[in-house]
Amino acid sequence: DQQVKQNSPSLSVQEGRISILNCDYTNSMFDYFLWYKKYPAEGPTFLISISSIKDKNEDGRFTVFLNKSAKHLSLHIVPSQPGDSAVYFCAAMGNQGGKLIFGQGTELSVKP
Amino acid sequence: EAQVTQNPRYLITVTGKKLTVTCSQNMNHEYMSWYRQDPGLGLRQIYYSMNVEVTDKGDVPEGYKVSRKEKRNFPLILESPSPNQTSLYFCASSPPGWRDNEQFFGPGTRLTVL
């Protein structure tokens with residue numbers, strides 16, 4: 001049973017426009033959420049995170065929004081750049097132990 | 001250079017032949033973890049370790065073993081590999097207060113079990 005779901009396997013966006021990547025979770029015990037970016041032939045790299053006590057966190061062009069009642073988070077990239085083309089994974093964890101649950105990933109393609 | 005290294009990067013083996021994938025980090029991180037990546041399933045955690053001699057199961061531990069005898073190394077052991085363990089494997093580490101810190105991932109090991 002997939003506790004963290006990214007229902008869009010792929011997303012294509014024009015350069016300069018906004019990219020919105022979505023993630024849903026089912027476990028109400030999750031209280032910390034992260035986004036990772038992955039290029040081919042490389043390991044994932046951390047992008048941005050958010051605690052459940054917040055509903056928004058910004059870092060430059062990247063903003064993560066958390067809607068706890070809907071068990072939904074989204075990553076906004078504004079403006080999108082061709083170098084943002086990668087697979088994006090959302091991940092979630094509870095407040096005990098070291099378990100980290102990832103979604104299936106969304107492949108973002110930013111076209112010039 | 002701060003990094004997580006994995007060896008080998010590529011491995012083709014046969015069913016039942018024991019193998020070990022090594023993972024080493026030079027950042028003195030306490031937390032280390034192993035993941036496998038499969039198409040349509042994303043990254044799934046196999047095992048993790050909060051510190052030396054402390055290991056716990058992730059989501060998909062069956063068929064795998066780990067050990068954490070020293071802080072820098074966290075090998076992944078497949079005692080009797082099977083074709084369903086063909087996958088891309090990633091090791092990761094994180095400093096203390098790991099929930100608020102990013103995990104640093106290694107470059108990956110692509111394993112094929114025939």
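By convention in this document, chain letters (A, B, ...) are assigned in the order of the sequence lines, proteins followed by strands, and residues within each chain are numbered from 1.
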Exercise. Got more than 12 heavy atoms from elsewhere within 6.0 Å of CZ, A/Arg61?
Worked result: yes
Exercise. Do B/Met50 and B/Tyr47 belong together in a cluster built from hydrophobic side chains that touch within less than 4.5 Å?
Worked result: no
Exercise. What distance do A/Phe102 atom CZ and B/Arg44 atom CZ have between them, rounded to the nearest 0.5 Å?
Worked result: 13.0 Å
For this session: Could you state whether B/Phe90 and B/Val60 fall into the same hydrophobic cluster, counting links through intermediate Ile, Leu, Val, Met, Phe, Trp or Tyr residues with side-chain heavy atoms under 4.5 angstrom apart?
Result: no
Problem set entry | B/Phe105 side, atom CZ; A/Glu42 side, atom CD - distance, nearest 0.5 Å | 13.0 Å
Exercise. Could you state the interatomic distance from CG (B/Leu43) to CD1 (A/Ile101), rounded to the nearest 0.5 Å?
Worked result: 11.0 Å
Exercise. If Ile, Leu, Val, Met, Phe, Trp and Tyr residues are connected whenever their side-chain heavy atoms lie under 4.5 Å apart, and connections chain through other members, are B/Leu111 and B/Phe74 in the same group?
Worked result: yes
Problem set entry | In one Ile/Leu/Val/Met/Phe/Trp/Tyr side-chain cluster, 4.5 Å: A/Tyr32, A/Ile50 | no
For this session: For residues A/Lys99 and B/Tyr48, report the shortest heavy-atom separation together with the two atoms involved.
Result: CG-CE2, 3.7 Å
For this session: Please answer: with hydrophobic residues joined when any side-chain heavy atoms are less than 4.5 Å apart, are A/Val64 and A/Met93 in the same cluster?
Result: no
Problem set entry | Residue B/Arg110 versus chain A: region with a heavy atom under 4.5 Å | neither
For this session: Taking atom CD1 of B/Ile12 as the centre, report whether more than 12 heavy atoms of other residues, nucleotides or ligands fall under 6.0 Å from it.
Result: no
Problem set entry | Atom of A/Phe89, atom of B/Gln37 and distance for their closest heavy-atom approach | CZ-NE2, 3.6 Å
Exercise. Counting only N and O atoms by type, is there a donor-acceptor contact under 3.5 Å from the side chain of B/Tyr35 to the main-chain atoms of A/Leu100?
Worked result: no
Problem set entry | When A/Ala41, A/Gly43, A/Gly103, A/Pro9 are compared by non-hydrogen pairs under 4.5 Å with chain B, the top option | A/Gly43
Exercise. Chain B: which of A/Gln104, A/Gln6, A/Gln3 shares the most heavy-atom pairs with it under 4.5 Å?
Worked result: A/Gln104
